[in-house]
Amino acid sequence: MFRINKDFTNATIPRTIRFTESIFEELNAVADREKVSFNMLVLQCCRYALKELETDEPKK
């Protein structure tokens with residue numbers, strides 16, 4: 001289950017990404033509701049997706 005971790009810090013590498021309007025609005029709504037920054041939410045979504053990604057390699 002995905003839970004918001006409000007202590008996710010130390011993001012120092014800048015990168016430009018593009019969202020569809022609907023995903024951007026949905027992420028903004030979640031960030032506002034959970035009282036976290038948009039950036040923090042996106043980082044945590046990426047971390048969760050990478051952990052749950054099905055591969056042929058065993059999880060670390």
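Values in this document were obtained by computation on a predicted structure and should not be read as measured data. In this chain, numbering begins with 1 at the start of the sequence shown.
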**Q** Please identify each residue that fulfils side chain to side chain contact (heavy atoms under 4.5 Å, CB included) with T20, with sequence neighbours left out.
**A** S22, I23

**Q** Please check if the number of heavy atoms outside I13 that lie under 6.0 Å from its CD1 is greater than 12.
**A** no

**Q** Go through the structure and list residues passing ring-ring contact (aromatic ring centres under 6.0 Å, His included) with Y48, not counting sequence neighbours.
**A** F2

**Q** Taking side chain to side chain contact (heavy atoms under 4.5 Å, CB included) as the test, write out the residues that go with F38, two or more places apart.
**A** F19, F24, L27, N28, V42

**Q** With sequence neighbours left out, write down each residue that passes side chain to side chain contact (heavy atoms under 4.5 Å, CB included) with D32, or none if nothing qualifies.
**A** none

**Q** How about E26: does its CD atom have over 12 heavy atoms from other parts shown lying under 6.0 Å from it?
**A** no

**Q** Test of understanding: with side chain to side chain contact (heavy atoms under 4.5 Å, CB included), list the residues that count as partners of V30, not counting sequence neighbours.
**A** R33, E34, L41

**Q** Do the side chains of L50 and I17 join up, straight or via other hydrophobic residues, at under 4.5 Å, putting them in one cluster?
**A** no

